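Because only heavy atoms are used, hydrogens play no part in the values below, and waters and symmetry mates are left out as well, while side chains stay in. As the structure is a computational prediction, the values presented were derived from the model and not from experiment. Chain naming here is simple, since letters A, B, ... match the order of the sequence lines and numbering starts at 1 in each.
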Amino acid sequence: MTQDTWSLGGHTFTSRFILGSGKYSLDLIRAAVEHAGAQIVTLALRRANSETDSILDHIPAGVTLLPNTSGARNAEEAVRIARLARECGCGDFVKIEIMRDSKYLLPDNFETIRATEILAKEGFVVMPYMYPDLNVARDLVNAGAACVMPLGAPIGSNKGLATREFLRILIDEIELPVIVDAGIGRPSQACEAMEMGAAAVMANTAIATAGDVPQMAEAFRHAVEAGRLAYRSGLGRVLEHGAAASSPLTGFLQD
Amino acid sequence: MIQVNGELLPAAATVQELLDRQGWRADRVAVEKNGEIVRRGDFSATALHDGDRLEIVRFVGGG
């Protein structure tokens with residue numbers, strides 16, 4: 001089988017598992033990234049405070065950093081955060097995350113399109129977190145996004161692919177990588193997203209809240225790889241009715 | 001006095017001096033002064049004045 005790579009903004013990746021870095025103690029981050037085999041790790045930007053230990057010192061070298069714009073409530077705030085993140089000197093990637101509501105943390109698709117347009121023009125590799133709506137996904141493509149990142153379920157809920165049917169539509173219709181982000185709580189759910197043809201999945205809470213963080217990161221890595229391999233293989237068909245024997249129907253002993 | 005991340009602090013001569021005083025590494029932060037980004041290469045040359053408002057940010061874990 002030919003090597004299975006994918007690209008974002010001119011960068012090529014072999015791992016299809018993007019790891020979030022929130023909610024871990026800093027000393028677990030490196031092991032989580034390594035066990036996940038992740039080549040892209042998300043970060044957030046916050047005011048400097050009295051803590052001097054930097055998360056950047058806990059992420060293995062060579063990993064692509066993906067700052068998010070969490071905390072932004074509109075396009076302007078997201079653009080401001082993205083520009084500051086780029087000044088930190090870790091590249092041009094940005095995950096746009098714009099929320100107006102703190103209960104469900106649902107992305108504001110309209111503001112996300114606006115921010116995508118501005119940041120793509122400024123040369124960012126824009127990865128917009130979005131509610132899976134086909135029209136919005138098309139607008140994001142036209143605005144210059146590098147991919148789309150539809151949610152599976154509300155952030156941090158570990159509820160899995162609640163939006164399954166709409167993710168499928170995006171995967172079928174959008175040419176850019178579709179990365180299922182948010183809500184994936186189990187390796188089996190990550191695997192299912194990959195079987196459906198997602199380009200990659202992202203998870204954070206599922207791993208950060210697991211009993212054994214590095215081991216769960218590894219479980220996700222295997223699940224993502226298995227799902228991808230299944231997608232590339234072409235899943236076997238489903239019978240709507242009845243059964244179909246796997247063993248020959250001739251040569252029975254009683255014949 | 002200057003305002004740093006919403007807090008009033010005694011002024012420092014330059015952005016770099018402020019970072020040093022706070023124990024923040026220049027290569028780990030981004031700085032906005034009165035709404036404009038200050039480039040890392042300009043930290044030492046950027047003077048601070050009474051009433052300046054600074055936002056100094058750094059990466060933390062996030063999803």
Side-chain angles (χ1 to χ4, degrees), chain A residues 18-26 28-29 32-33 41-59 65-71 76 80-90 95 97 105 129 149 151 155-156 181-184 202-208, chain B:
Chain A
I18 299 176
L19 187 67
S21 67
K23 305 184 192 173
Y24 305 85
S25 66
L26 281 182
L28 275 174
I29 295 263
V33 175
V41 172
T42 63
L43 297 166
L45 202 70
R46 291 291 182 272
R47 282 173 161 173
N49 61 15
S50 55
E51 291 162 27
T52 50
D53 194 6
S54 170
I55 189 167
L56 295 181
D57 297 321
H58 297 270
I59 295 177
L65 300 178
L66 174 56
N68 68 35
T69 64
S70 60
E76 284 68 30
R80 180 187 183 203
I81 293 167
R83 289 172 179 159
L84 279 167
R86 181 151 73 175
E87 286 305 309
C88 287
C90 297
K95 173 182 158 184
E97 206 179 303
L105 300 172
Y129 171 59
M149 302 182 80
L151 63 88
I155 290 180
D181 181 8
I184 290 180
M202 157 149 186
N204 185 344
T205 302
I207 290 151
Chain B
M1 299 291 274
I2 55 175
Q3 206 183 101
V4 179
N5 294 346
E7 255 182 84
L8 280 177
L9 294 178
T14 64
V15 169
Q16 184 62 53
E17 274 195 38
L18 174 69
L19 296 181
D20 292 343
R21 194 180 72 198
Q22 299 295 118
W24 294 331
R25 280 171 56 184
D27 63 348
R28 288 288 186 252
V29 297
V31 177
E32 203 182 66
K33 180 188 155 204
N34 302 327
E36 300 287 330
I37 284 175
V38 180
R39 288 276 146 87
R40 191 170 284 166
D42 297 334
F43 286 175
S44 298
T46 302
L48 296 180
H49 304 285
D50 238 22
D52 279 344
R53 298 164 61 93
L54 290 114
E55 283 294 332
I56 302 180
V57 296
R58 91 288 190 213
F59 283 132
V60 298

[atom2] on [Y] to [atom1] on [X], rounded to 0.5 Å:
X	Y	atom1	atom2	answer
A:Ile55	B:Phe59	CD1	CZ	10.0 Å
B:Glu7	A:Arg47	CD	CZ	9.0 Å
A:Leu56	B:Arg58	CG	CZ	10.5 Å

Looking at [options], which makes the most heavy-atom pairs under 4.5 Å with chain B?
options	result
A:Gly89, A:Ala182, A:Ala85	A:Ala85
A:Ile29, A:Leu45, A:Ile59	A:Leu45
A:Ile18, A:Asn49, A:Asp57	A:Asn49
A:His58, A:Arg83, A:Arg80	A:Arg80
A:Ala44, A:Gly22, A:Cys90, A:Ser50	A:Ala44

[X] versus chain B, the contacting section by heavy-atom distance below 4.5 Å:
X	value
A:Ser54	side chain
A:Ala203	neither
A:Lys95	side chain
A:Asp181	neither

Of all the heavy-atom pairs spanning [X] and [Y], show the shortest one and how long it is.
X	Y	answer
B:Ala30	A:Leu84	CB-O, 3.3 Å
B:Val60	A:Ser21	O-OG, 4.3 Å
B:Val57	A:Cys88	O-SG, 4.5 Å
B:Arg40	A:Glu87	NH2-O, 3.4 Å

Against chain A, label [X] side chain, backbone, both or neither, depending on which of its atoms sit under 4.5 Å from a heavy atom there.
X	value
B:Ile37	side chain
B:Val31	backbone
B:Arg25	side chain

Does any N or O in the side chain of B:Asn5 come within less than 3.5 Å of the main-chain N or O of A:Ala48, such that one atom is a donor and the other an acceptor?
-> yes
More than 12 heavy atoms from other groups under 6.0 Å of CZ on B:Arg21 | yes
